[in-house]
There are 2 protein chains.
Amino acid sequence: MPDAADPAPMNTPSRRRFRREGEERRRQDLIEATLDSVAEHGLQGASLRAIALRAGVTAGLIRHYFPGKEELLQEAYAALMGRMTEQAKAALVMEDASPRQRLAAFVTANLNVPIIDTRVFSLWATFIGRASADPTLAHVHREGYLGFRNEVEAVVAEVLAAERRSPDASQLRHHAIAINAIIDGLWIEGCLAGEMFSPGELATIGIRTIEAELGLAPLAQLQEK
Amino acid sequence: MPDAADPAPMNTPSRRRFRREGEERRRQDLIEATLDSVAEHGLQGASLRAIALRAGVTAGLIRHYFPGKEELLQEAYAALMGRMTEQAKAALVMEDASPRQRLAAFVTANLNVPIIDTRVFSLWATFIGRASADPTLAHVHREGYLGFRNEVEAVVAEVLAAERRSPDASQLRHHAIAINAIIDGLWIEGCLAGEMFSPGELATIGIRTIEAELGLAPLAQLQEK
DNA sequence: ACGCTATTTATACACTTGCACAACAAGCTC
DNA sequence: GAGCTTGTTGTGCAAGTGTATAAATAGCGT
């Protein structure tokens, strides 16, 4: 049986065809391929060859864009964190909404797809497990965490102000820490055991718990039409 | 310069000295060495040779106690989870304590050393990052999580019963989910940024938030003498 | 004191890994 | 279209990986 896949068997240097992509495009593709590899097989499975295969290039090219594997992983983590916090904050920009509605929307957004997602959780856990040993990863995390918490603190301040309450800085900080913990904890439960919860259940629990934490009368039913 | 480190250079088969340990002892040592390796350098750094070096044996021995690396890692994770839930539950066995005191003690125990610990967190995150891809790890986690949540639910039921309140199963479940999330979330914050909180602060926040969630009057100050 | 056996070491092997470097060609500039 | 830059490929290498297996010895039963 002749080999139909190679019609010209003689003198085949047959180097692989390729296209030159813009630098930014290539870097993003490589970072995305890195995140996919890490999510599927962990840091162990994220070899340069596996990443390159996924990105549709050969392994050597990676060294042309990144000094080494470590830097690629760090940039990938930074990109992941950036996307996560960006999505979370996007839920806060609502015109013509009361602070309380914005807080509820924020919680709901954080406790549903696409933020509740096993792939993202897998990535988050894998990277953060190395944060205590890798100062660069630790720094990236710290930035994202503080940004998130400050965002929470700002909304909480608005909500309480709308209720004619004026908490001091310490109380505000405690509220933000607690609310952050509630969202994080429910997010983890949802990512790890999503099928144990009915749709929207986690968001409902989150809103109720946060309202209790802030001492707000639970008027959740009134908002439903 | 003569080699002072080898006083008998001729005929030195010089096989390494060793002691035979009991099976259980060796297995535990290997598991501990595995956890240490994973905590320090992640799953990538946990090579059989690194683990064996830490355990004071040679790499080949591992295959005498475990079918392969994967099984060793699974048993290590199971051992870790077992230890964590055991420590957590230990805080619940208190004689002559009101349900509410037991709940507070449970929260306090979970939000202080040794449960708040960067090494344990690093291990937890590393393993759980692989749980969505490895059914065995996922099962180990699920067991531990449900055990923990049921424990929480039981204490909550006692606390509410002592308050002459009789929640239905759904309310109880929601309380348990929320409280579990609060503890998990604060645990993560403490592990990742312990120096941002004063001693006992997380436990205080946790207790206050949980009491608000359960609708209990905050009599925390009264318990302080 | 002497085997016996199971624990332990040591070595070998096939394979993967990250990185270095030379060869090549895609596509812009003139 | 010729020439040049540089993005991209392919190959090579030393180090490290998990696993297999043979050789050695520690420590028990007798």
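Numbered from 1 within each chain, the chains take letters A, B, ... in sequence-line order. Values in this document were obtained by computation on a predicted structure and should not be read as measured data.
- Comparing dG18(D), dG18(C), dT9(C) by their nearest atom to the side chain of Leu61(B) picks out dT9(C).
- Candidate nucleotides dG10(D), dT19(D), dG7(D) were compared by shortest atom distance to the side chain of Leu48(B), and dT19(D) ranks first.
- At a threshold of 4.0 angstrom between heavy atoms, the contacts of Glu23(A) with the nucleic acid are absent.
- In this structure, Ser47(B) reaches the dT17(D) phosphate: one of its side-chain N or O atoms is under 4.0 Å from OP1 or OP2.
- A side-chain N or O of His175(B) and one of Glu213(B) form a donor-acceptor pair less than 3.5 Å apart.
- Close to dT8(D), at under 4.0 Å from its OP1 or OP2, lies a side-chain N or O of Arg26(A).
- Residues Phe106(B) and Ile179(B) have side chains not in contact (no heavy-atom distance under 4.5 Å, counting atoms from C-beta outward).
- Side-chain proximity of Lys69(B) to the nucleotides dG18(D), dT8(D), dA6(C) is greatest for dG18(D).
- Where Arg49(A) and Ile62(A) each meet DNA chain D at their nearest nucleotide, the meeting point lying more 5' is that of Ile62(A).
- Where Gly22(A) and Ala59(B) meet DNA chain D, the nucleotide closest to each residue was compared, and Gly22(A) sits on the side nearer the 5' end.
- Residues Asp134(B) and Thr136(B) share a closest heavy-atom pair of OD1-N, 2.8 Å.
- Annotation: Glu95(B), atom CD; neighbour count of heavy atoms from other residues, nucleotides and ligands within 6.0 Å does not exceed 12.
- Comparing dG10(D), dA10(C), dT7(C) by their nearest atom to the side chain of Thr58(A) picks out dG10(D).
- Closest to the Phe18(A) side chain, of the nucleotides dT8(C), dG18(D), dT9(D), is dT9(D).
- When each of dG18(C), dT25(D), dT8(D) is scored by its nearest atom to the side-chain atoms of Arg15(B), the top-ranked nucleotide is dT25(D).
- In this entry the distance linking CZ of Phe66(B) with C1' of dG18(D) reads 15 Å, nearest Å.
- At whole-Å resolution of the value, CG in Leu53(A) and P in dT17(C) are 11 Å apart.
- One interatomic measurement links the two molecules: NE2 of His41(A) to C1' of dT16(C), which rounds to 15 Å at whole-angstrom precision.
- Going from atom CD of Glu70(B) over to atom C1' of dT19(D) covers 14 Å, rounded to whole Å.
- Rounded to whole Å, atom C1' of dT17(D) lies 14 Å from atom CG of Leu73(B).
- The side chain of Arg63(A) approaches dA20(C) more closely than any other nucleotide in the set dT7(C), dC19(C), dA20(C).
- For dG7(D), the OP1/OP2 oxygens have a side-chain nitrogen or oxygen of His64(A) closer than 4.0 Å.
- Taking atom CZ of Arg16(B) as the reference point, atom C1' of dA26(D) lies 15 Å away to the nearest angstrom.
- The shortest distance between the side-chain N/O atoms of Arg20(B) and the OP1/OP2 oxygens of dT8(C) is not below 4.0 Å.
- Note: CG (Leu72(A)) to C1' (dC19(C)) measures 14 Å, nearest angstrom.
- The nearest whole Å value for the distance from the CZ atom in Arg17(A) to the P atom in dG27(C) is 11 Å.
- Both tests do not hold together for Arg130(A) against Tyr77(A): distance to the six-membered ring centre under 6.0 Å, angle to the ring axis within 45°.
- Each of Gln44(B) and Arg19(B) was matched to the nucleotide of DNA chain C holding its nearest heavy atom; the match closer to the 5' end belongs to Arg19(B).
- Residue-level contact check: Tyr65(B) touches the backbone only, with heavy atoms under 4.0 Å from sugar-phosphate atoms and none from bases.
- The pair Glu32(A)-Arg83(A) counts as a salt bridge, with a side-chain nitrogen and a carboxylate oxygen less than 4.0 angstrom apart.
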